[in-house]
Amino acid sequence: MICPVCKEEMPLLSRICPVCGHVVDGDENHASASESVDALENILYQVKSLPEPSFAKSMGQLSVYMIPILTLIVLVMYVVSNAGLFLIIAALLGIWSIVLIIKKIAGRLGNSHSDKQFAELKNEYEYLARTTQRDYGKNREVARLLSEISEQFDNIESRRKAMSMKNFIVWAVIFAVIIFLASAGGVGVKKQVDENLAVRWQEQLESFKNGEVVNDEHDASLRTEVLELVLAADEIAEAEKFFIDYCMGLVGDMDCATKIVRYYQKQDNIAAAQEFISKCKLRYQSDIKKLENIIK
């Protein structure tokens with residue numbers, strides 16, 4: 001391109017004559033300097049109009065991970081305690097987790113929408129700033145405006161990042177405390193359940209031995225209940241003794257013996273299971289073979 005004023009050849013990628021400083025303004029293939037600057041100002045205005053990362057919405061960024069974890073903790077508490085309240089809470093947290101995941105996928109969780117808009121505007125700004133710098137950057141006025149706009153844009157971006165990080169850290173601490181308290185509560189529930197179980201199996205066993213309940217030889221339900229309590233408390237020696245003294249040879253002895261064999265199998269103690277089977281004298285001799293088949 002030849003400068004229309006001094007007739008000197010102009011740089012290929014600049015619309016400013018290096019000799020006389022003449023600006024070859026816009027044409028059909030290039031926006032004018034004022035149009036380029038106006039477009040940059042408009043992008044800056046849109047960026048300023050975006051909602052800043054809010055503390056409340058920042059919770060959503062972490063909740064999509066933390067709520068499912070909290071759901072699992074409450075589920076464990078339900079399994080340990082068998083309390084229906086924990087199951088209800090776990091169900092509500094599970095529904096909340098699903099909603100959060102759907103919002104995350106849709107890009108509507110927390111500050112995701114405004115962050116996406118900011119990223120799109122930043123890409124548009126960087127492209128336009130490069131082309132304006134290339135075409136008119138050697139002009140002092142344009143260079144000054146580009147510098148001012150760039151500084152404002154960088155300040156906005158830095159502030160958004162700082163606010164996002166601050167919110168993230170605060171919510172991370174809050175969620176960490178919640179999960180810690182929930183975990184501690186789970187441990188407390190487990191301890192309480194274990195203590196209650198220890199009392200229950202001893203009371204049930206003593207009541208059975210003392211004849212406070214009727215041991216119906218034709219109904220194995222009561223014997224089975226006591227045996228299950230003893231096994232749940234991991235009192236395997238007491239369970240074997242109870243089986244031999246009160247279950248063996250009566251209706252349901254095969255089912256009771258199976259529970260003990262399964263317990264040993266779960267503990268990966270096949271030798272102890274075999275030793276127990278060798279002590280068994282069941283109502284039906286063929287049931288011994290069935291017990292042996294369990295641990296083969």
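In this text the structure is predicted, and so the values were computed from the model without any measurement.
Going from atom CE of M248 over to atom CG of L282 covers 7.5 Å, rounded to the nearest 0.5 Å. Taken from CG in D38 to CD1 in I43, the straight-line distance is 11.5 Å, to the nearest 0.5 Å. From D287, atom CG reaches atom NZ of K289 across 13.0 Å, with rounding to the nearest 0.5 Å. Here the straight-line distance linking atom CD1 of I95 with atom CD1 of I67 works out to 13.0 Å at 0.5 Å rounding. We find the CZ-CG distance between R159 and D154 to be 12.0 Å, quoted to the nearest 0.5 Å. Taking CG from L291 and OG from S278, the interatomic distance works out to 11.0 Å, rounded to the nearest 0.5 Å.
Under the 4.5 Å side-chain heavy-atom criterion for ILVMFWY residues, no single connected hydrophobic cluster contains both L72 and I98. Both M66 and V170 belong to a single network of hydrophobic side chains, linked directly or stepwise wherever heavy atoms of I, L, V, M, F, W or Y lie under 4.5 Å apart. Taken together through direct or relayed side-chain contacts under 4.5 Å among Ile, Leu, Val, Met, Phe, Trp and Tyr, Y65 and I73 form part of one hydrophobic cluster. No continuous path of ILVMFWY side-chain contacts below 4.5 Å connects V251 to Y246, so the two sit in separate hydrophobic clusters. Connection of F168 to M163 is not established within any shared hydrophobic cluster, with ILVMFWY side chains joined at heavy-atom distances below 4.5 Å, either directly or through further cluster members.
With respect to the salt-bridge test (charged N to carboxylate O, under 4.0 angstrom), the residues K296 and E292 do not qualify. Salt bridge annotation for E52-R160: absent, with no cationic side-chain nitrogen under 4.0 angstrom from a carboxylate oxygen.
Using a 4.5 Å heavy-atom cutoff, the side chains of S150 and L146 are not in contact. Taking 4.5 Å as the limit, some side-chain heavy atom of I89 sits within range of a side-chain heavy atom of L93. Side-chain contact between W171 and I174 is present, with heavy atoms from C-beta onward closer than 4.5 Å. You'll find the side chain of Q117 stays beyond 4.5 Å of the side chain of Q46, heavy atoms only. Side-chain contact between L231 and E235 is absent, with no heavy atoms from C-beta onward closer than 4.5 Å. A heavy-atom distance below 4.5 Å is not found between the side chains of E124 and L128.
Nearest heavy-atom pair, T71 versus A90, reported as atom, atom and distance to 0.1 Å: CG2-O, 3.6 Å. In terms of heavy atoms, I288 sits closest to C280 at CD1-O, 3.7 Å. Across all their heavy atoms, S114 and L50 have their closest contact at O-CD1, 4.0 Å. Nearest heavy atoms, S164 versus P53: OG-CG, 3.3 Å.
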| task | Take K161 and E157 through the salt bridge (charged side-chain N to carboxylate O under 4.0 Å, His left out) test and state the conclusion after the steps. | result | CA-CA 6 Å; K161 287 181 178 179; E157 184 176 22; 3.8 Å; yes
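Judged by distance alone, the side chain of T132 and the main-chain N or O of A129 form no donor-acceptor pair under 3.5 Å.
Qualifying ring pair (Phe, Tyr, Trp, His ring centres under 6.0 Å) partners for Y125, counting only residues two or more places apart in sequence or in other chains: F153. Every residue meeting the ring pair (Phe, Tyr, Trp, His ring centres under 6.0 Å) condition with F276, not counting sequence neighbours, appears here in chain and number order: F243.
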Contacts table for residues 252-268: side-chain donor-acceptor under 3.5 angstrom, sequence neighbours left out:
residue	atom	partner	partner atom	Å
D253	OD2	G249	N	3.1
D253	OD2	R283	N	2.8
T258	OG1	M254	O	2.7
K259	NZ	E228	OE2	3.0
R262	NH1	Q265	OE1	3.2
Y263	OH	D234	OD1	3.0
Y264	OH	E240	OE2	2.4
Q265	NE2	I294	O	2.9

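For K116, the NZ atom counts as loosely surrounded, since its 6.0 Å shell holds 12 or fewer non-hydrogen atoms of other residues, nucleotides or ligands.
The side-chain contact (heavy atoms from CB on, under 4.5 Å) test with F242 singles out one residue from V230, L229, L227, and that residue is L227.
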